[in-house]
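Letters A, B, ... mirror the listed sequences (proteins, then strands); counts begin at 1.
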Protein chains: 2
Amino acid sequence: MATARWLTEDEQQTWRAFVRMTHTVMGSLDRQLQRDAGLPHGYYVLLVKLSEAPDRSIRMTELAETLSWSQSRMSHAVDRLVKDGHVVRMPCPTDRRGSFAILTDAGFDTLQRAAPGHVDEVRRTMFDNLTPTEQRQLRRIAERIAGAAER
Amino acid sequence: MATARWLTEDEQQTWRAFVRMTHTVMGSLDRQLQRDAGLPHGYYVLLVKLSEAPDRSIRMTELAETLSWSQSRMSHAVDRLVKDGHVVRMPCPTDRRGSFAILTDAGFDTLQRAAPGHVDEVRRTMFDNLTPTEQRQLRRIAERIAGAAER
DNA sequence: GATCAGTAGTTGAACTCTCAAGTACGCCGG
DNA sequence: CCGGCGTACTTGAGAGTTCAACTACTGATC
């Protein structure tokens, strides 16, 4: 790569602002969810995915793929959620290697209690600071960048 | 908060794209730096800050404030960087409670070796996917959102 | 100069995430 | 029906982060 294509002053500023943005937004969110529901953001998303699935249950591997998590991470996370009573595991009847994670009623309750505060926090940190135009721009940019990484 | 202001479908999509973007970008960056320099992204930034400071040294508290880190996190991080020989601590002569973190030559070398790959990764995941217009838009949005959180 | 709230930093435990193995099962080709 | 390769997890150790003490010092007050 010889002498790398260095960042221009403007790119530098953009990059640092981007990093600050992600840390402030994700940090606020994590703290809010931890405080109000005792869950990190990732675990909240996990529960949301389960709540949206038929029978509130998803195979571990599929869940891991959906969230772009490693199987190991998923296994540890479900361990914790089982301990808390938010989730139960069920062996897969057709493939004895596999198992399902199933959202319990208690888990669903936690989700419902956490959701309003979560939405407020998302609004407060993001949408309240964006004009409709900026929101469209951000969506387009985010989809482009996230999409590019998926190849 | 009564019945919360729910997210519209469009906001929902924007939000999920945003989360995907931050995870893919920050994830790639962390993996790249971990692989090539044995450092998480935060530690890289820490070393960069030190390298930009007069005498390559900064008071612990000031460093923590600059990075929006807790003092505890800073203390643990510097522990690790000292073990690796990237940083040394020096007691503050005028305030015996305080101490400086100082970037060593070895730390500076690590930084210089890591920088080109890091810049490439930033380009690859971000700037290569943005038109100049989008880059301006992103900078403005990021500064706005990051700025709003600072009050 | 004794007191005492505040500041600077460290420490240890609990938690999450990653990475490398390990276990158990499914699915083949021979 | 039996190796052997791939899949679906699980496990354990190591590293980073947070949170709640805790130590040591400063600066202001009386």
Side-chain angles (χ1 to χ4, degrees), chain A residues 22-24 26-47 57-84 86-102, chain B residues 22-24 26-47 57-84 86-102:
Chain A
T22 66
H23 284 162
T24 57
M26 290 308 174
S28 306
L29 229 72
D30 249 344
R31 279 187 296 279
Q32 180 267 320
L33 281 169
Q34 194 67 56
R35 179 167 34 77
D36 296 352
L39 293 172
H41 180 238
Y43 287 33
Y44 177 86
V45 175
L46 196 168
L47 295 186
S57 80
I58 307 182
R59 276 287 288 273
M60 294 290 282
T61 298
E62 190 187 337
L63 200 46
E65 275 164 9
T66 304
L67 299 177
S68 304
W69 284 17
S70 69
Q71 295 194 138
S72 171
R73 182 179 183 183
M74 187 55 68
S75 196
H76 286 300
V78 169
D79 274 355
R80 196 272 218 188
L81 291 169
V82 166
K83 268 180 206 137
D84 295 346
H86 294 319
V87 166
V88 290
R89 282 183 222 261
M90 202 187 94
C92 174
T94 67
D95 182 343
R96 280 191 297 174
R97 294 167 302 178
S99 64
F100 287 89
I102 307 177
Chain B
T22 66
H23 285 161
T24 57
M26 290 309 175
S28 306
L29 228 71
D30 249 344
R31 280 188 295 278
Q32 180 267 321
L33 280 169
Q34 194 68 55
R35 180 165 35 77
D36 297 352
L39 294 172
H41 179 239
Y43 287 34
Y44 177 85
V45 175
L46 196 168
L47 295 186
S57 81
I58 307 182
R59 277 287 289 272
M60 293 290 283
T61 297
E62 190 187 337
L63 200 44
E65 274 165 11
T66 305
L67 298 177
S68 304
W69 284 18
S70 69
Q71 294 194 138
S72 170
R73 182 179 181 183
M74 187 56 68
S75 196
H76 286 299
V78 169
D79 274 355
R80 195 270 217 190
L81 291 169
V82 166
K83 269 181 203 136
D84 295 346
H86 294 318
V87 166
V88 291
R89 282 183 222 260
M90 201 186 95
C92 174
T94 66
D95 183 341
R96 281 191 297 176
R97 293 167 303 180
S99 66
F100 288 89
I102 307 178

Please set out all donor-acceptor pairs under 3.5 angstrom arising from side-chain atoms of residues 28-35 of chain A, sequence neighbours excluded.
unit_1	atom_1	unit_2	atom_2	d
A:Ser28	OG	A:Thr24	O	2.7
A:Asp30	OD1	A:His41	N	2.7
A:Gln32	NE2	A:Asp36	OD2	3.0

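Interface limits on DNA chain D: the 5'-most and 3'-most nucleotides within less than 4.0 Å of chain A heavy atoms are D:dG6 to D:dG12.
Not counting sequence neighbours, the partners of A:Arg59 by the side chain to side chain contact (heavy atoms under 4.5 Å, CB included) test are A:Glu62, A:Cys92, A:Asp95, A:Phe100. Taking the side-chain hydrogen bond (donor to acceptor under 3.5 Å, both in side chains) definition, one finds that B:Gln71 meets it with B:Thr61, sequence neighbours left out. Every residue meeting the side-chain hydrogen bond (donor to acceptor under 3.5 Å, both in side chains) condition with A:Arg89, not counting sequence neighbours, appears here in chain and number order: A:Asp79. Shown here are the side chain to side chain contact (heavy atoms under 4.5 Å, CB included) partners of B:Ser70, two or more places apart in sequence or in another chain: B:Ser72, B:Arg73. A search for side-chain hydrogen bond (donor to acceptor under 3.5 Å, both in side chains) contacts involving B:Arg96 returns nothing, not counting sequence neighbours. Checked against side chain to side chain contact (heavy atoms under 4.5 Å, CB included), A:Ala64 has the following partners two or more places apart in sequence or in another chain: A:Met74.
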Before giving the answer on side-chain contact (heavy atoms from CB on, under 4.5 Å), spell out for B:Tyr43 and B:Arg80 the whole-Å C-alpha distance, their side-chain angles and the decisive distance to 0.1 Å. CA-CA 10 Å; B:Tyr43 287 34; B:Arg80 195 270 217 190; 4.0 Å; yes

Does the side-chain contact (heavy atoms from CB on, under 4.5 Å) test come out yes or no for B:Leu81 and B:Leu47, once each step is laid out? CA-CA 9 Å; B:Leu81 291 169; B:Leu47 295 186; 4.1 Å; yes

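Contacts with DNA chain D (heavy atom under 4.0 Å) in residues 58-66 of chain A: A:Arg59, A:Met60, A:Thr61, listed by number. Using a 4.0 Å cutoff on non-hydrogen atoms, the parts of residues 87-102 of chain B near DNA chain D are B:Asp95, B:Arg96, B:Arg97, ordered by number.
From A:Ser68, atom OG reaches atom NE2 of B:His23 across 9.5 Å, with rounding to the nearest 0.5 Å. Once rounded to the nearest 0.5 Å, the distance linking NE2 of B:His76 with CH2 of B:Trp69 reads 12.0 Å.
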Under 4.0 Å protein heavy-atom contacts per nucleotide of nucleotides 13-22 of chain C, with B for base, S for backbone only and - for none: ---SSBBB--

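Every pair tested for salt bridge (charged side-chain N to carboxylate O under 4.0 Å, His left out) that includes a residue from residues 37-46 of chain B fails, sequence neighbours excluded, so the list is empty.
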